[in-house]
Amino acid sequence: MTSLPLMPVDPDAPGARRAAMPPQHLADLDLDGRKDLVTKLGESAFRARQVSTHYFGRLVRDPAQMTDLPASSRDRLADQLLPRLLTPVRELACDDGATRKALWRLHDGSLVESVLMGYPDRVTVCISSQAGCGMACPFCATGQAGLTRNLSTAEIVDQAVYLAGVAASGKVAGSPPRLSHVVFMGMGEPLANYNRVIAAIRRLVAPPPEGLGLSQRHITVSTVGLVPAIHRLASEDLSVTLALSLHAPDDELRDELVPVNQRWKVCEVLDAAWAYAARTGRRVSIEYAMIKDVNDQPWRADLLGRLLAGKLAHVNLIPLNPTPGSRWDASPKPVEREFVRRLRDAGVSTTVRDTRGREIDGACGQLAAAEDSGTDPAGEMTA
Ligand code: SAH
């Protein structure tokens with residue numbers, strides 16, 4: 001049994017130690033907030049829209065390229081609205097460039113990663129919501145190092161805007177040039193950084209120039225199952241897809257695989273998921289990493305099937321990805337097929353997720369943001 005840090009300290013609570021958060025950036029603010037700020041700088045309010053159009057509409061992040069701003073204002077606006085948040089350290093690519101993992105250094109030296117995945121019909125980015133993670137799931141590389149800090153709203157959004165720019169440059173051969181999907185499945189537990197993640201989602205879905213203009217349905221928030229936060233998410237006027245990292249249908253095993261289960265049990269977390277589905281009309285995605293001889297037994301498939309039958313749910317089985325020092329392996333394919341068969345027989349829609357990005361440690365649970373990890377560098381990134 002893993003001993004538990006359980007809930008991270010709420011960094012927004014009075015008296016909590018403030019982590020080294022970055023300077024404010026335009027993506028931290030809605031359009032009205034940006035207008036207020038610009039006006040306080042002595043500039044006309046329309047400059048807020050102009051800079052926002054560059055950033056969200058044209059995916060231009062470098063103030064030097066915003067040549068329609070008068071030189072006299074550009075530096076001041078850039079300082080206040082566009083401080084550099086992410087310094088690219090390295091980009092790795094595989095699948096002929098269709099999967100790319102970016103490693104960033106933040107202003108305080110923390111490292112985070114994001115992954116871009118191109119498909120024939122869509123482009124998805126997987127973004128991080130925290131540097132590290134406090135949830136301590138023993139099969140996940142991110143969980144091993146613990147939590148460094150929450151990301152700011154703009155640090156979250158900037159990952160998507162940067163990678164949307166990479167997609168728009170046509171580097172992802174065979175995929176549409178427009179970013180369409182964002183999944184909060186990178187480093188961190190998004191619902192443990194609740195307010196900033198919600199603000200980031202609002203920026204991602206607001207139409208340009210306020211935001212990126214993505215569809216709410218194309219955004220997925222994945223959680224270990226922080227029950228009060230799931231209820232809170234259901235009460236936002238957002239209909240994003242909820243993914244629940246279940247990984248075991250019984251408390252005894254889930255207490256070990258997803259330690260936060262010691263606080264909120266399988267039945268409570270599933271009740272919260274069904275409440276979310278009822279409120280939003282959105283099917284909940286149940287994530288289940290297939291771990292050899294740990295959670296892949298036929299009886300567990302049957303138990304999972306009974307828990308999910310008749311619910312607005314879809315199971316995503318994830319072949320366990322290797323992580324350093326892990327004592328576990330992925331389930332053999334015949335075992336995986338039998339697990340799928342039993343779930344489908346129970347009437348539960350089930351698919352097996354592809355293992356995109358494995359060679360570059362960019363697949364689920366492999367993000368560890370070490371500067372010396374990874375192979376096959378595709379070249380330094382240019383900001
Ligand atoms: N903290 C959130 C967001 C991370 S999403 C969450 O846990 O949902 C990353 C997904 O990959 C989660 O479902 C996680 O449980 C899963 N995962 C972690 N390590 C993995 C591994 N080694 N192989 C396969 N999936 C893994």
Side-chain angles (χ1 to χ4, degrees), residues 2 5-8 101 112-115 117 124-147 150-151 156 159 181-194 197 200-201 219-227 229-230 233 240-248 253-254 256-261 264 269 272-273 276 284-292 294-296 314-331 336 351-359 361-369 373:
T2 318
L6 262 186
M7 296 309 298
K101 181 173 84 162
V112 294
E113 292 181 318
S114 334
V115 184
M117 290 162 286
T124 300
V125 299
C126 173
I127 58 178
S128 296
S129 56
Q130 299 182 310
C133 184
M135 297 296 124
C137 303
F139 57 95
C140 175
T142 312
Q144 302 318 298
L147 177 67
N150 284 326
L151 300 192
I156 298 169
Q159 298 168 57
H181 291 68
V182 170
V183 297
F184 283 83
M185 293 191 181
M187 301 173 76
E189 165 51 44
L191 296 187
N193 186 12
Y194 188 87
V197 165
I201 294 171
I219 294 185
T220 300
V221 175
S222 183
T223 178
V224 288
L226 307 186
V227 166
I230 294 174
L233 184 64
V240 295
T241 301
L242 180 71
L244 173 63
S245 295
L246 195 65
H247 303 308
L253 180 57
R254 193 167 192 268
E256 184 184 354
L257 294 183
V258 185
V260 81
N261 196 71
W264 292 291
V269 81
Y276 186 86
V284 174
S285 177
I286 304 290
E287 314 293 292
Y288 199 103
M290 291 291 286
I291 313 177
K292 185 180 176 203
V294 173
N295 65 353
D296 61 357
H314 173 88
V315 175
N316 242 311
L317 296 179
I318 316 173
L320 185 79
N321 291 306
T323 57
S326 169
R327 57 188 187 279
W328 288 317
D329 294 316
S331 304
E336 183 185 283
T351 47
V352 178
R353 180 176 294 166
D354 66 12
T355 51
R356 271 296 183 102
R358 252 194 196 179
E359 309 90 294
D361 285 344
C364 297
Q366 294 186 308
L367 302 185
S373 75

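What you are looking at is a predicted structure, and each value in this text was computed from that prediction instead of being measured. Just so you know, ligand 1 is whichever comes first in the structure, and atom 1 is the first atom listed for that ligand.
- Residue Glu189 touches ligand 1 through backbone and side chain together, judged by heavy-atom distances below 4.0 Å.
- In this structure, Gly188 has a heavy atom closer than 4.0 Å to ligand 1.
- Taking every non-hydrogen atom of Val224 and a distance limit under 4.0 Å, the qualifying atoms of ligand 1 come out as 6 (C), 7 (O), 8 (O).
- Residue Leu244 holds its CG atom at 12.5 Å from OH of Tyr276, rounded to the nearest 0.5 Å.
- Side chain of Gln159 to backbone of Ser128: a donor-acceptor contact under 3.5 angstrom is found.
- Cys364 O, 3.6 Å is the protein heavy atom nearest to atom 26 (C) of ligand 1.
- With hydrogens left out, the protein atom closest to atom 18 (C) of ligand 1 is Gly365 CA, 3.3 Å, a heavy atom.
- The closest donor-acceptor contact from the side chain of Gln130 to the backbone of Leu151 lies at 3.5 Å or more, if one exists at all.
- Considering Cys126, Ser222, Ser326 only, the shortest heavy-atom separation from atom 2 (C) of ligand 1 involves Ser222.
- When heavy-atom distances to ligand 1 are checked against a 4.0 Å cut-off, Ile318 comes that close only through its side chain, counted from C-beta outward.
- Those atoms of ligand 1 that come under 4.0 Å of a heavy atom in Glu287, given as number and element, are 13 (O).
- The closest side-chain heavy-atom distance from Glu287 to Met185 is below 4.5 Å.
- Here the heavy atom of the protein found nearest to atom 4 (C) of ligand 1 is Gly186 O, 3.7 Å.
- Of all protein heavy atoms, the one closest to atom 5 (S) of ligand 1 is Met185 CA, 3.5 Å.
- Heavy atoms of Val258 found under 4.0 angstrom from ligand 1: none, in either backbone or side chain.
- Expressed to the nearest 0.5 Å, how far CG of Asn295 lies from OG of Ser331 amounts to 6.0 Å.
- Less than 4.0 angstrom separates some heavy atom of Thr323 from each of these atoms of ligand 1: 22 (N).
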Take Phe184 and Thr220 through the side chain to side chain contact (heavy atoms under 4.5 Å, CB included) test and state the conclusion after the steps. CA-CA 6 Å; Phe184 283 83; Thr220 300; over 6 Å; no
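- A distance-only check finds a donor-acceptor pair linking the side chain of Arg254 to the backbone of Leu246 [under 3.5 Å].
- At under 3.5 Å, not a single nitrogen or oxygen of Ala289, backbone or side chain, sits near a nitrogen or oxygen of ligand 1.
- In plain terms, the two heavy atoms of Gly186 and Leu367 that are nearest each other are CA-CD1, 3.7 Å.
- Protein heavy atom closest to atom 6 (C) of ligand 1, with residue, atom name and distance, is Ser245 OG, 3.3 Å.
- Checked by atom type and distance alone, the side chain of Gln366 pairs as donor or acceptor with a backbone atom of Ala363 at under 3.5 Å.
- A distance-only check finds a donor-acceptor pair linking the side chain of Asn321 to the backbone of Cys364 [under 3.5 Å].
- Ring geometry, His247 versus Phe139: the interplanar angle exceeds 60°, so the pair is classed perpendicular (tilted spans 30 to 60°).
- If you check which protein heavy atom lies closest to atom 17 (N) of ligand 1, you get Phe139 CE1, 3.7 Å.
- Among all protein heavy atoms, the one lying closest to atom 15 (O) of ligand 1 is His247 NE2, 2.5 Å.
- For atom 23 (N) of ligand 1, the closest heavy atom belonging to the protein is Asn321 N, 2.8 Å.
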